Amino acid sequence: MIEKKYLRILRCIKCGGSLKQKQSLLVCDTCDYKYSIIHGIPSLIEGKGGVDVQITKDKWEQIYKNEHEKLDLEGERQLLSHVKFISSFRNIFKGGICLDLGCGFSRTSLFLVKMGISFLGLDISIEALKKSKNLLEKENLKGYFIQANFLNIPIKDSSIDSVFWGLALEYVQDTERAVSEVYRVLKPGGVLLATFPPLSLSTITYQQIRGDIPDLPVLKNIIRWLHVDIFKG
């Protein structure tokens with residue numbers, strides 16, 4: 001069963017109504033729309049969304065299917081660096097529920113939960129979420145994960161105390177709508193911590209391979225055309 005503190009903040013993405021759990025489904029109290037629960041993870045996505053959202057979803061599902069739990073030496077170094085950075089904000093995250101947007105295969109969730117943080121991970125890839133959930137369960141730790149996208153976050157207004165958005169916003173075209181969604185779900189006085197890849201001549205090729213779409217005039221349109229229309233993700 002889904003913990004009450006998480007269930008009570010979730011909402012239907014069709015009508016905004018409250019959700020209740022019925023066995024392997026979440027059902028909207030208002031419109032009766034039903035959402036699947038896959039491996040204990042609610043799938044709160046309706047339809048395919050925009051072309052950028054669908055390309056992103058398909059691409060990351062493929063990547064996470066092939067990603068191993070064990071990291072190489074460079075991966076371990078990057079993870080420790082990331083954890084050190086996030087840990088410096090532990091006092092912000094400890095109050096209430098912390099939403100990790102675009103959490104991916106969230107190895108950092110392990111460290112956040114050990115710090116006593118109420119962790120809620122959101123990602124468009126069910127493969128990433130399944131692996132994240134398994135990682136916590138192996139350590140007998142509790143966190144919670146939902147499948148959704150940034151443009152329609154299935155969380156009620158003013159429900160989240162803090163948001164961590166690490167290297168993920170650049171994957172959607174409608175930046176303004178995505179940021180507005182985060183503003184909507186944050187409580188008054190809530191805190192958003194966001195990180196972005198650097199934009200420079202030395203990193204632009206790498207960012208294009210990753211599918212980043214920087215929100216800069218002209219450049220955004222060119223990279224969107226290459227990434228979405230030409231390279232198809």
Side-chain angles (χ1 to χ4, degrees), residues 1-3 5-7 9-10 21 24 26 35-45 53 56-72 74-87 89-90 93-94 96-150 152-155 159-172 178 182 185 192-195 210-211:
M1 295 292 291
I2 299 170
E3 281 189 58
K5 68 177 178 181
Y6 296 115
L7 184 58
I9 68 170
L10 297 181
Q21 186 171 1
S24 60
L26 286 183
Y35 300 92
S36 300
I37 300 176
I38 305 167
H39 297 281
I41 301 165
S43 180
L44 297 163
I45 294 179
V53 172
T56 296
K57 181 178 181 298
D58 293 345
K59 197 68 173 180
W60 283 109
E61 292 289 18
Q62 179 185 347
I63 289 169
Y64 287 125
K65 272 185 181 179
N66 299 321
E67 184 171 345
H68 299 291
E69 183 178 320
K70 186 173 177 60
L71 293 169
D72 58 19
E74 181 58 28
E76 287 285 356
R77 289 176 61 189
Q78 290 179 6
L79 175 60
L80 288 174
S81 175
H82 202 182
V83 168
K84 184 178 179 181
F85 171 74
I86 294 176
S87 297
F89 297 93
R90 64 168 66 86
F93 295 146
K94 274 189 175 180
I97 295 174
C98 174
L99 173 64
D100 188 343
L101 277 179
C103 64
F105 184 0
S106 180
R107 296 176 176 87
T108 54
S109 65
L110 199 63
F111 297 90
L112 290 168
V113 172
K114 284 180 179 179
M115 291 176 201
I117 292 165
S118 295
F119 179 89
L120 175 59
L122 180 154
D123 201 272
I124 202 166
S125 167
I126 195 68
E127 287 295 325
L129 298 174
K130 281 159 50 179
K131 290 184 175 181
S132 298
K133 186 170 179 286
N134 288 338
L135 198 65
L136 288 179
E137 289 176 347
K138 284 182 181 179
E139 299 279 342
N140 293 316
L141 296 171
K142 281 189 176 181
Y144 193 62
F145 300 92
I146 56 176
Q147 184 189 25
N149 80 68
F150 303 153
N152 198 353
I153 299 176
I155 294 176
S159 296
I160 299 294
D161 297 87
S162 60
V163 174
F164 175 65
W165 207 349
L167 299 174
L169 175 57
E170 62 273 13
Y171 290 109
V172 296
V182 174
V185 303
L192 163 64
L193 173 65
T195 62
R210 284 165 49 94

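What you see is a predicted model; the values in this text were computed from it and never measured. Counting begins at 1 with the first residue of the sequence.
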* Closest non-hydrogen atom pair, Ala178 against Leu169 -> CB-CD1, 3.7 Å

* Structure fact -> Distance col, row Arg107:CZ vs Leu112:CG, nearest 0.5 angstrom, shows 14.5 Å

* Can you check side-chain contact (heavy atoms from CB on, under 4.5 Å) on Leu110 and Val113, steps first, answer last? -> CA-CA 6 Å; Leu110 199 63; Val113 172; over 6 Å; no

Please output the side-chain donor-acceptor pairs of residues 136-146 that fall under 3.5 Å, not counting sequence neighbours, one pair per line with the distance.
residue: Glu137; atom: OE2; partner: Lys133; partner atom: NZ; Å: 2.6
residue: Lys138; atom: NZ; partner: Glu69; partner atom: OE1; Å: 2.9

* NE2-NZ distance between His39 and Lys131, expressed to the nearest 0.5 angstrom -> 12.0 Å

* Could you go through the side-chain contact (heavy atoms from CB on, under 4.5 Å) check for Leu99 and Phe119 one step at a time? => CA-CA 6 Å; Leu99 173 64; Phe119 179 89; over 6 Å; no

* To do: Spell out, as yes or no, whether a donor-acceptor pair under 3.5 Å connects the side chain of Asn149 to the backbone of Ile124.
  => no

* Among residues two or more places apart or on two chains, list those pairs meeting side chain to side chain donor-acceptor pair (under 3.5 Å) that have a residue in residues 111-126. => Lys5-Ser118, Glu61-Ser125

* Asked: Taking all atoms of both residues into account, what is the closest heavy-atom pair of Ala168 and Gly102, and its distance?
  -> CB-CA, 4.3 Å

* Report the C-alpha distance between Leu101 and Phe150 in whole Å, list the side-chain angles of each, state the deciding distance to 0.1 Å, and finish with yes or no for side-chain contact (heavy atoms from CB on, under 4.5 Å). => CA-CA 8 Å; Leu101 277 179; Phe150 303 153; 4.0 Å; yes

* So which heavy atom on Gln21 is nearest to which on Leu7, and how close? -> N-CD2, 4.2 Å

* Are Trp165 and Leu193 side-chain neighbours, meaning at least one heavy-atom pair lies under 4.5 Å? -> no

* Asked: Does Phe111 have any ring-ring contact (aromatic ring centres under 6.0 Å, His included) partners at least two apart in sequence or in another chain, and if so, which?
  -> none

* Structure fact -> Of all heavy-atom pairs linking Leu129 and Cys103, the shortest is CD2-SG, 3.7 Å

* Inter-residue atom distance Ile86.CD1 - Ile117.CD1, 0.5 Å rounding -> 9.0 Å

* Asked: How far apart are the closest heavy atoms of Leu122 and Ala148, and which atoms are they?
  -> CD2-O, 3.6 Å

* Run the numbers on Leu44 and Leu26 for side-chain contact (heavy atoms from CB on, under 4.5 Å), then give the verdict. => CA-CA 9 Å; Leu44 297 163; Leu26 286 183; 4.3 Å; yes

* Keeping the roles fixed (side chain from Ser87, backbone from Val83), state whether a donor-acceptor pair exists under 3.5 Å. => yes

* Counting N and O atoms only, with roles assigned by atom type, does the side chain of Ser132 sit under 3.5 Å from a partner on the main chain of Ser106, one being a donor and the other an acceptor? -> yes

* To do: Working to the nearest 0.5 Å, report the span between OG of Ser109 and CG of Leu135.
  => 6.0 Å

* Asked: Atom OG in Ser162, atom CZ in Phe93: separation rounded to 0.5 Å?
  -> 5.5 Å

* Asked: Pro42 and Ile2: which non-hydrogen atoms are nearest, and at how many Å?
  -> CG-CD1, 4.0 Å

* Taking the six-membered ring for Trp, are Phe85 and Phe89 parallel (under 30°), tilted (30 to 60°) or perpendicular (over 60°)? -> perpendicular

* Rounded distance [0.5 Å steps], CD1 in Ile41 versus CD1 in Ile126 -> 4.5 Å

